[in-house]
Amino acid sequence: QVQLVESGGGLVQAGGSLRLSCAASGRTRSSYAMGWFRQAPGKEREFVAGITMSGGATRYADFVKGRFTISRDNAKNTVYLQMNSLQPVDTGIYYCAVDLRLPVLVRTSGYDYWGQGTQVTVSS
């Protein structure tokens with residue numbers, strides 16, 4: 001079992017920035033890729049960004065390229081999502097997730113454990 005706790009969400013004006021954190025506990029000695037997803041009101045959850053076990057490779061959804069940066073600190077069992085130039089369309093609940101099956105790749109689906117999410121609201 002891996003427990004994930006997200007933090008750092010909040011209300012920000014358009015053009016602003018937020019930094020999300022996701023702390024993992026439990027089977028933290030396991031090797032895993034990590035990802036961030038989001039779900040806007042009335043929409044399905046979608047992939048935002050992911051990072052491999054070592055942090056050597058990342059992957060982003062097209063709609064966040066150049067604005068968001070994912071990183072991880074394995075010593076702290078924590079993954080981060082730096083979000084810049086936020087827009088109202090970025091509003092939603094942001095979830096982090098763990099992929100135990102392919103730690104050296106970044107997949108956009110099939111993750112094994114999920115956090116409870118943190119709300120991000122961007123006002124215009």
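Just so you know, these numbers use all the heavy atoms, side chains as well, and skip hydrogens, waters and symmetry mates.
Taking CD of Q87 as the start and OG of S123 as the end, the distance is 10.5 Å to the nearest 0.5 Å. Between the CG atom of L18 and the CG atom of L81 there is a distance of 9.5 Å, given to the nearest 0.5 Å. Taking CG of N84 as the start and CZ of R19 as the end, the distance is 11.0 Å to the nearest 0.5 Å. We find the CG-CE distance between N77 and M34 to be 8.5 Å, quoted to the nearest 0.5 Å.
Within the 4.5 Å cutoff, the side chain of R38 has heavy atoms near those of the D90 side chain. Side-chain contact between R45 and W114 is present, with at least one heavy-atom pair separated by less than 4.5 Å. Between R67 and Y60, every side-chain heavy-atom pair lies at or beyond the 4.5 Å cut-off. At a threshold of 4.5 Å between non-hydrogen side-chain atoms, the residues Y95 and L4 do not count as touching. Counting heavy atoms from C-beta outward, T91 and Q119 have side chains that approach closer than 4.5 Å.
A donor-acceptor pair is defined here as one N or O able to donate and one able to accept, closer than 3.5 Å; no such pair exists between the side chain of T118 and the backbone of E6. T58 places no side-chain N or O within 3.5 Å of a backbone atom of I51 that could act as its donor or acceptor partner. Checked by atom type and distance alone, the side chain of R59 pairs as donor or acceptor with a backbone atom of V106 at under 3.5 Å. Here the side chain of N74 pairs a donor or acceptor atom with the backbone of M53 at under 3.5 angstrom.
At a threshold of 4.5 Å between side-chain heavy atoms, the hydrophobic network of Ile, Leu, Val, Met, Phe, Trp and Tyr places I70 and V2 in one connected group. M83 and I93 end up in different hydrophobic clusters when Ile, Leu, Val, Met, Phe, Trp and Tyr side chains are linked at under 4.5 Å. Cluster annotation: V104 is connected to L102 through the hydrophobic network of ILVMFWY side chains, with a link wherever side-chain heavy atoms come within less than 4.5 Å. Taken together through direct or relayed side-chain contacts under 4.5 Å among Ile, Leu, Val, Met, Phe, Trp and Tyr, V12 and W36 form part of one hydrophobic cluster. Hydrophobic clustering (side-chain heavy atoms under 4.5 Å, transitive across Ile, Leu, Val, Met, Phe, Trp, Tyr) groups F63 together with L20.
Taking D73 as the reference, nothing meets the salt bridge (charged side-chain N to carboxylate O under 4.0 Å, His left out) condition, with sequence neighbours excluded.
Sorted by first then second residue, the disulfide bond (SG atoms under 2.5 Å apart) pairs that include residues 92-124, not counting sequence neighbours, are C22-C96. For residues 104-123, the salt bridge (charged side-chain N to carboxylate O under 4.0 Å, His left out) pairs, not counting sequence neighbours, are D99-R107, R101-D112.
Ring pair Y111/F37: centre-to-centre distance below 6.0 Å.
Using the six-membered ring where Trp is involved, F68 and Y94 have ring planes that are tilted, between 30° and 60° apart.
The heavy-atom pair separating R72 from A33 by the smallest distance is NH1-CA, 4.0 Å. The two residues A14 and P88 come nearest to each other via the heavy atoms CB-CD, 4.1 Å.
For Q39, the CD atom sits in a packed shell: over 12 heavy atoms of surrounding residues, nucleotides or ligands are nearer than 6.0 Å.
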